Peer 1: 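Just dropping this structure here.
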Amino acid sequence: MYAIVEIAGHQFKVEKDQKVFVNRLQTEEGKKVSFDNVLLIGDGSNVTVGAPAIGGAQVSAKVLKHLKGDKVIVFKKKRRKGYRVKNGHRQSLTEIVIESIVASGAKPAKKAAPKKEVKKAEPKVETKAAAPKAEAKPKAAPKKEKADDLKKIEGIGPKIASTLVEAGIATFAELAKAKPEAISEIIANVRGNHVTDTWPAQAKLAAEGKWDELKKWQDELDGGKA
């Protein structure tokens with residue numbers, strides 16, 4: 001006899017004494033667990049199909065242990081954008097062994113009743129008449145730094161300059177602190193192949209007023225690329 005049952009959001013074809021790895025269950029190791037959502041039961045040539053589940057059918061199992069699956073590497077890359085992200089993931093699993101398959105007459109698995117929150121009585125606090133508050137003077141807004149002409153950086157055009165300003169990078173000093181990878185993500189939607197490797201270094205020279213040194217270096221660059 002075999003059955004197709006839904007366990008932790010996934011469907012499995014199981015038989016008696018079969019070991020199965022499923023998504024992490026809340027049941028402790030060594031305890032038994034039952035699954036009522038049985039979609040199909042096959043016994044030789046007799047096949048019973050639920051609509052969607054079979055009433056009274058049940059699959060009982062025992063939790064052997066909780067563990068984690070093999071590591072899966074997730075790598076994302078955007079061409080010509082300088083965008084690369086690498087992450088690893090290990091799925092939390094539970095190993096169970098199927099003990100029995102019941103076609104009908106099984107009692108529904110008991111679900112844990114939600115705990116009722118008991119509200120504690122709050123102590124009464126005597127309220128005193130509040131003294132009139134003095135009107136607070138509005139604080140002066142902090143002065144914003146004057147925006148620089150970012151188009152003076154080799155490789156930055158009007159569209160990129162406006163995109164950087166919208167992202168909060170409006171001065172040479174702010175651009176000098178930004179990382180090339182972060183700049184590439186900000187201008188990812190601007191058409192063209194943009195190389196941002198030298199932009200922070202160029203911006204640093206501009207912020208320090210070293211225009212002659214910057215001009216000499218820019219003559220050697222091609223679209224911001226060394």
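Computation of the quantities below employed the complete heavy-atom set of this structure, encompassing side-chain atoms and omitting hydrogens, waters and symmetry-equivalent molecules. Computed from a predicted model, the values in this text were never measured in an experiment.
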Peer 1: To the nearest 0.5 angstrom, please state how far the OG atom of Ser184 sits from the NZ atom of Lys179.
Peer 2: 13.0 Å
Peer 1: Which donor-acceptor pairs under 3.5 Å do side chains of residues 43-53 form with protein atoms, sequence neighbours excluded?
Peer 2:
none

Peer 1: Tyr83 ring centre to Lys76 NZ or CZ under 6.0 Å, with the angle to the axis within 45°?
Peer 2: no
Peer 1: Show the numbers, then the answer: is there a side-chain contact (heavy atoms from CB on, under 4.5 Å) between Glu95 and Leu67?
Peer 2: CA-CA 8 Å; Glu95 184 181 7; Leu67 67 159; 4.2 Å; yes
Peer 1: Would you compute the distance between atom NZ of Lys81 and atom OG1 of Thr196 and round it to the nearest 0.5 angstrom?
Peer 2: 11.5 Å
Peer 1: State whether Trp211 and Lys152 meet the cation-pi test: NZ (Lys) or CZ (Arg) under 6.0 Å from the six-membered ring centroid, and within 45° of the perpendicular axis.
Peer 2: yes
Peer 1: Taking Asn37 as the fixed residue, which of Glu6, Gln11, Gln58 is the one that meets the side-chain contact (heavy atoms from CB on, under 4.5 Å) rule?
Peer 2: Glu6
Peer 1: Measuring only between side-chain heavy atoms, which start at C-beta, is His194 closer than 4.5 Å to Ile160?
Peer 2: yes
Peer 1: Going from CG on Leu214 to CG on Leu205, what distance comes out if it is rounded to the nearest 0.5 angstrom?
Peer 2: 5.5 Å
Peer 1: Within this structure, what is the OG-NE2 distance for the pair Ser92 and His66, rounded to the nearest 0.5 Å?
Peer 2: 10.0 Å
Peer 1: Can you name the residues that form a salt bridge (Lys or Arg N to Asp or Glu O under 4.0 Å) with Glu15, not counting sequence neighbours?
Peer 2: none
Peer 1: Find the distance between CD1 (Ile169) and CD1 (Ile187) and round it off to the nearest 0.5 Å.
Peer 2: 10.0 Å
Peer 1: Is the closest side-chain heavy-atom distance between Val14 and Val5 below 4.5 Å?
Peer 2: yes
Peer 1: Would you compute the distance between atom CD1 of Ile7 and atom OG1 of Thr94 and round it to the nearest 0.5 angstrom?
Peer 2: 10.5 Å
Peer 1: Salt bridge or not for Glu99 and Lys32, using N-O below 4.0 Å?
Peer 2: yes
Peer 1: Could you check whether Asp219 pairs with Lys215 (Lys NZ or Arg NE/NH1/NH2 to Asp/Glu carboxylate O, under 4.0 Å)?
Peer 2: yes
